[in-house]
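Only one structure is covered here, and it is reproduced in the block below.
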2 protein chains.
Amino acid sequence: MEKTAKDVCETYCIHAEKVAKLQGNLPDLSQLAKLFKVLGDETRTKILYILAKEEMCVCDIAAILGSTVSNVSHHLRLLRSASLVRCRREGKVVYYALDDRHVMNLFTEGLEHVQHLNKI
Amino acid sequence: MEKTAKDVCETYCIHAEKVAKLQGNLPDLSQLAKLFKVLGDETRTKILYILAKEEMCVCDIAAILGSTVSNVSHHLRLLRSASLVRCRREGKVVYYALDDRHVMNLFTEGLEHVQHLNKI
DNA sequence: CCTTCATTTCAACATTTGTTCAATTGTTTA
DNA sequence: TAAACAATTGAACAAATGTTGAAATGAAGG
């Protein structure tokens, strides 16, 4: 009897050894999921694409996107909370830019995956 | 008058040249956003972490996560639709595994970003 | 053929999320 | 000090999402 049902909470499992190795040993992936969740919105990916080109203020981003300043500001706050963008104030205008190199890497890696799929 | 308000839809902009360069020139980023959206859920990142270790069947994954088979199956369908995982049937059991190398790259790149933040 | 069992699908629900408009903040300039 | 203006914040709403339990597939074995 190498496999025992019902020894794990309320769910059954077929390969007890495999399960035992990982059960309770999962690292905290909540932050990683949060990062991807922030990236997982088309408006925000567009904003990142724009900021990858050059630093820009909120109202210009809104104009490019054809969206409202308020909406863009909300999205920028999320992006900032994930340290994907940073901002600096110059008088009344706030300029946003990409925060660090990882953003571009994630972006290009994601694009490669998507483009890879389109070729199939 | 190098800056004209209201010349772009209903929003104003400060730097007309910057805006003109990108307005209407944004590539289609919907697929990229969808990819990140699929990655942006803790249950799914956990599943990917598990499958990065080894191939596994649905009920084992559910046992490790302490979740229901139904729930895991739903998430696996999303992951499969994004070509992040693939599956093979062996009798009654369906085994899932990571689909291609991009997944791992995205994963490690994302983790680096998150871990980089924790050091600050 | 019927039963068993792993998985998938369906329907329903509560929660989260994106967007909008109005109100507010904070900075510059008249 | 007051007005103008870029940006942020808050409240409200519709739409999308994650989870659950029940019902339906589909493959293996008696």
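In what follows, every chain begins at residue 1, and chains take the letters A, B, ... in the order their sequences are listed.
Of the residues in residues 81-93 of chain A, those placing a heavy atom less than 4.0 Å from an atom of DNA chain C are A:R89, A:G91, A:K92, in numerical order. DNA chain C lies under 4.0 Å from no heavy atom of any residue of residues 37-48 of chain B.
Every pair passing ring pair (Phe, Tyr, Trp, His ring centres under 6.0 Å) that includes a residue from residues 59-101 of chain B is listed here, sequence neighbours excluded: A:H15-B:Y95. For the salt bridge (Lys or Arg N to Asp or Glu O under 4.0 Å) condition, no pair includes a residue of residues 27-45 of chain B, sequence neighbours left out. Residue pairs meeting the salt bridge (Lys or Arg N to Asp or Glu O under 4.0 Å) criterion with at least one partner in residues 58-84 of chain A, sequence neighbours excluded, are absent.
A:T108 places a side-chain N or O within 3.5 Å of a backbone atom of A:M104 that can act as its donor or acceptor partner.
Nucleotides of DNA chain C that come within less than 4.0 Å of any heavy atom of chain A span, from the 5' end to the 3' end, C:dA6 to C:dT28.
Distance check, rounded to the nearest 0.5 Å: CG of A:L79 to CG of A:L48 gives 5.0 Å.
Qualifying salt bridge (charged side-chain N to carboxylate O under 4.0 Å, His left out) partners for A:E55, counting only residues two or more places apart in sequence or in other chains: A:R88. Under the salt bridge (charged side-chain N to carboxylate O under 4.0 Å, His left out) criterion, A:K92 pairs with no residue at all, not counting sequence neighbours. By the side-chain contact (heavy atoms from CB on, under 4.5 Å) test, B:K21 is found to be paired with A:E54, residues two or more places apart in sequence or in another chain being considered. Partners of B:H116 under the ring pair (Phe, Tyr, Trp, His ring centres under 6.0 Å) rule, at least two apart in sequence or in another chain, are A:H102.
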Protein-nucleotides 20-24 of chain D N/O pairs under 3.5 Å:
residue: D:dT20; atom: O4; partner: B:H74; partner atom: NE2; Å: 3.2
residue: D:dG21; atom: O6; partner: B:S70; partner atom: OG; Å: 2.8

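When the local axes at the two ends of the helix from C:dC1-D:dG30 to C:dA30-D:dT1 are compared, using 5 base pairs at each end, they differ in direction by 20° after rounding to 10°.
Using a 4.5 Å cut-off on side-chain heavy atoms (C-beta onward), A:D100 and A:R86 make no contact. In this structure, A:L32 and A:L29 have side chains that are in contact, with non-hydrogen atoms separated by less than 4.5 Å. In this structure, B:K18 and A:I64 have side chains that are not in contact, with every pair of non-hydrogen atoms separated by 4.5 Å or more. Inter-residue side-chain proximity for A:L39 and B:L39 is flagged as unmet; no heavy-atom pair is nearer than 4.5 Å.
For the pair B:R77 CZ and D:dT17 C1', the computed distance is 13 Å after rounding to whole Å. B:F36 has its CZ atom 17 Å from the P atom of D:dT17, to the nearest Å.
Residue A:Y96 is in sugar-phosphate contact alone, with no base atom involved, counting any heavy-atom pair closer than 4.0 Å across all strands shown.
Hydrophobic clustering (ILVMFWY, side-chain heavy atoms < 4.5 Å, transitive): B:Y49 and A:F36 are in one cluster.
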B:L84 vs B:D99, side-chain contact (heavy atoms from CB on, under 4.5 Å): CA-CA, chis, key distance, verdict: CA-CA 5 Å; B:L84 292 169; B:D99 195 341; 5.6 Å; no

